[in-house]
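Each chain gets a letter, A, B and so on, in the order its sequence line appears, and its residues count up from 1. In what follows, every heavy atom counts, from backbone to side chain, and hydrogens, waters and symmetry copies are set aside.
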Protein chains: 2
Amino acid sequence: MPRAGLNTEVLVGVALDLVDEKGLEALSLAALADRAGVAGPSLYKHMGSLASLRGLMALAVVRQLTAMCTTAVMGRSREDAVEALMRHYRAFAVEHPGRYALVPLNALQDPAVAAAGAELLAVFGAVLRAYGLEGSEATHAIRRMRATVHGFVVLETGGGFGLPEDVEASFDQVVTMVLRSLE
Amino acid sequence: MPRAGLNTEVLVGVALDLVDEKGLEALSLAALADRAGVAGPSLYKHMGSLASLRGLMALAVVRQLTAMCTTAVMGRSREDAVEALMRHYRAFAVEHPGRYALVPLNALQDPAVAAAGAELLAVFGAVLRAYGLEGSEATHAIRRMRATVHGFVVLETGGGFGLPEDVEASFDQVVTMVLRSLE
DNA sequence: GCATGAAAGCTACCCCGCATAGCTTTCAGG
DNA sequence: CCTGAAAGCTATGCGGGGTAGCTTTCATGC
């Protein structure tokens, strides 16, 4: 029985790949062990439980999303920045629906994920400074943006848009709606 | 062993009460049987599986939500109607977060729930007729409203609004944002 | 080179939750 | 009051998460 060379970091990566391919509900002990080339119980050498692994996965996802959003808004301001932020945020969620679905499930109870989430929200806040929004007004504006974008991608990735109308056009209008609320 | 007088309809009611009190994840065979005053396996005399029961529950919830939204918009038009629709929709989700969470999980795969969902969306569409919106434009407008309201209540009920800023004020601004997008 | 101990891996096992099988009991209708 | 459909029960199966405890690897120091 040669070593598989597994560790926590690699395991998180394997789990994220699995979730990307098969969906969040496919994240079972058996499926994960199979992919990692190891027997089920061996996974516990590298994680405390499936729940804690999901926490680590969520943390990684929030950091990926933060990095993507950060580079998206760099060198832009006002409408350009807000639109870039919203479009890249949506693109991440649509490309990796399984990964994205991990975040809301873990953001509240896991302090580490919550802290990483605060950094993501800081990107939202930074974009709003060009509008002179700070303090309470910035918080309300951030909530508008989050609710809108999150709601849209949740419905989109969940198959909630059944009609044949162009989803891109719908999102264009959503972006316009948010931009107008910032003036 | 006297009869408990259970049937499918009653069982759905018991399950909805359970979900209201203890949350969606508390909907287990044991908890449900305990509440219904019956042994676990006896539940299968009135349901096919927990999954199918969740479908029936989702159907009931969508109908409740549709009824609430329908009465909310009756006798109102334009801004009044849109605002009433959004506020009542949110109120339902906030008062019954467990119930509300059932819907997105079942709306896609269960055709009956999807049909009931179409009726709910018809209420959204009716409100928009006063704006002269029909066809594609109405679809896009409905999506804006759905994404915004659903996103807001998902974040709100999930504890996503950690800061102390007034959530009511945030929602007021969200309503204003949507109204402006309809002009 | 080889002894050694920490850590990776394994098999065997347990618990819990959903679900089925099949028997017993109720109770409405003839 | 007989009877059969349906409600209820206990016993059992099956699969998923998790633990116990042994075996094997392999980096380190002599």
Trainee: Is the shortest side-chain N to carboxylate O distance from B:Asp17 to B:Lys22 below 4.0 Å?
Mentor: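 No, this pair does not count.
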Trainee: Quickly, which of B:Leu105, B:Val113, B:Asn106 forms a side chain to side chain contact (heavy atoms under 4.5 Å, CB included) with B:Gln109? Name it, please.
Mentor: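 The passing option is B:Asn106.
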Trainee: What is the distance, to the nearest angstrom, from the CG atom on B:Asn7 to the P atom on C:dT26?
Mentor: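 One finds 20 Å between P of C:dT26 and CG of B:Asn7, rounded.
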Trainee: Nearest to the B:Leu6 side chain among C:dG9, C:dT11, D:dG8, which nucleotide is it?
Mentor: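 My answer, after comparing the listed nucleotides, is D:dG8.
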Trainee: Going through the distances and angles, do A:Glu21 and A:Arg35 end up as a salt bridge (Lys or Arg N to Asp or Glu O under 4.0 Å)?
Mentor: CA-CA 12 Å; A:Glu21 283 182 29; A:Arg35 259 195 181 236; 2.5 Å; yes
Trainee: Under the side-chain hydrogen bond (donor to acceptor under 3.5 Å, both in side chains) definition, can you give me all pairs with a residue in residues 146-171 of chain A, not counting sequence neighbours?
Mentor: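 Every side-chain hydrogen bond (donor to acceptor under 3.5 Å, both in side chains) pair that includes a residue of residues 146-171 of chain A, provided the two are not neighbours, is A:Arg90-A:Glu156, A:Arg90-A:Glu168, A:Tyr100-A:His150, A:Glu165-B:Ser136, A:Ser170-B:His140, A:Ser170-B:Arg143.
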Trainee: So do the side chains of A:Leu50 and A:Leu32 get within less than 4.5 Å of each other, counting heavy atoms only?
Mentor: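 When only atoms from C-beta onward are counted, A:Leu32 and A:Leu50 do touch, with a gap below 4.5 Å.
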Trainee: Report yes if a side-chain nitrogen or oxygen of B:His46 is closer than 4.0 Å to either non-bridging phosphate oxygen (OP1 or OP2) of D:dG8; otherwise report no.
Mentor: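 So the side-chain polar atoms of B:His46 do come within 4.0 Å of the phosphate oxygens OP1 or OP2 of D:dG8, strictly under.
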Trainee: Specify the residue among A:Lys45 and A:Leu27 whose closest nucleotide of DNA chain D lies further upstream toward the 5′ end.
Mentor: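 On the 5' side of the pair lies A:Leu27.
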Trainee: Does the side chain of A:Val14 come within less than 4.5 Å of A:Leu18's, by heavy atoms?
Mentor: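 No, side chains not in contact.
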Trainee: Can you tell me how far P of C:dA19 sits from CG of B:Leu43, to the nearest Å?
Mentor: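 Computing the B:Leu43:CG to C:dA19:P distance gives 10 Å.
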Trainee: So does A:Arg129 have more than 12 non-hydrogen atoms from other groups sitting under 6.0 Å from CZ?
Mentor: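 Check fails, neighbour count at 12 or below.
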Trainee: A quick test of your reading: do over 12 heavy atoms of other residues, nucleotides or ligands sit less than 6.0 Å from CZ of A:Arg63?
Mentor: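 Open: at most 12 neighbouring heavy atoms sit under 6.0 Å from CZ of A:Arg63.
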Trainee: Tell me which residues in residues 15-23 of chain A lie within less than 4.0 Å of DNA chain D, going by non-hydrogen atoms.
Mentor: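 Those residues: none at all.
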Trainee: Of the residues in residues 29-39 of chain B, which ones touch DNA chain C at a heavy-atom distance under 4.0 Å?
Mentor: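 The answer is B:Leu29, B:Ala30.
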Trainee: Looking at B:Arg99 and B:Asp20, is any side-chain nitrogen of the basic one under 4.0 Å from a carboxylate oxygen of the acidic one?
Mentor: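 Here B:Asp20 pairs with B:Arg99 in a salt bridge, since their nearest N and O are under 4.0 Å apart.
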Trainee: Would you kindly give the CE-to-P distance between B:Met47 and D:dG8, to the nearest whole Å?
Mentor: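 To the nearest whole Å, that distance equals 13 Å.
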Trainee: In terms of side-chain heavy atoms of A:Tyr44, which of C:dC10, D:dC9, D:dG17 is nearest?
Mentor: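 In terms of side-chain proximity for A:Tyr44, the closest of C:dC10, D:dC9, D:dG17 is D:dG17.
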Trainee: Using a 4.0 Å heavy-atom cut-off, does A:Gly5 contact any base of the nucleic acid, only the sugar-phosphate backbone, or nothing at all?
Mentor: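 Sugar-phosphate, backbone atoms only, no base.
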Trainee: Within the structure, does a side-chain N or O atom of A:Ser28 lie under 4.0 Å from either OP1 or OP2 of D:dG16?
Mentor: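 Checking D:dG16 against A:Ser28, no side-chain N or O comes under 4.0 Å of OP1 or OP2.
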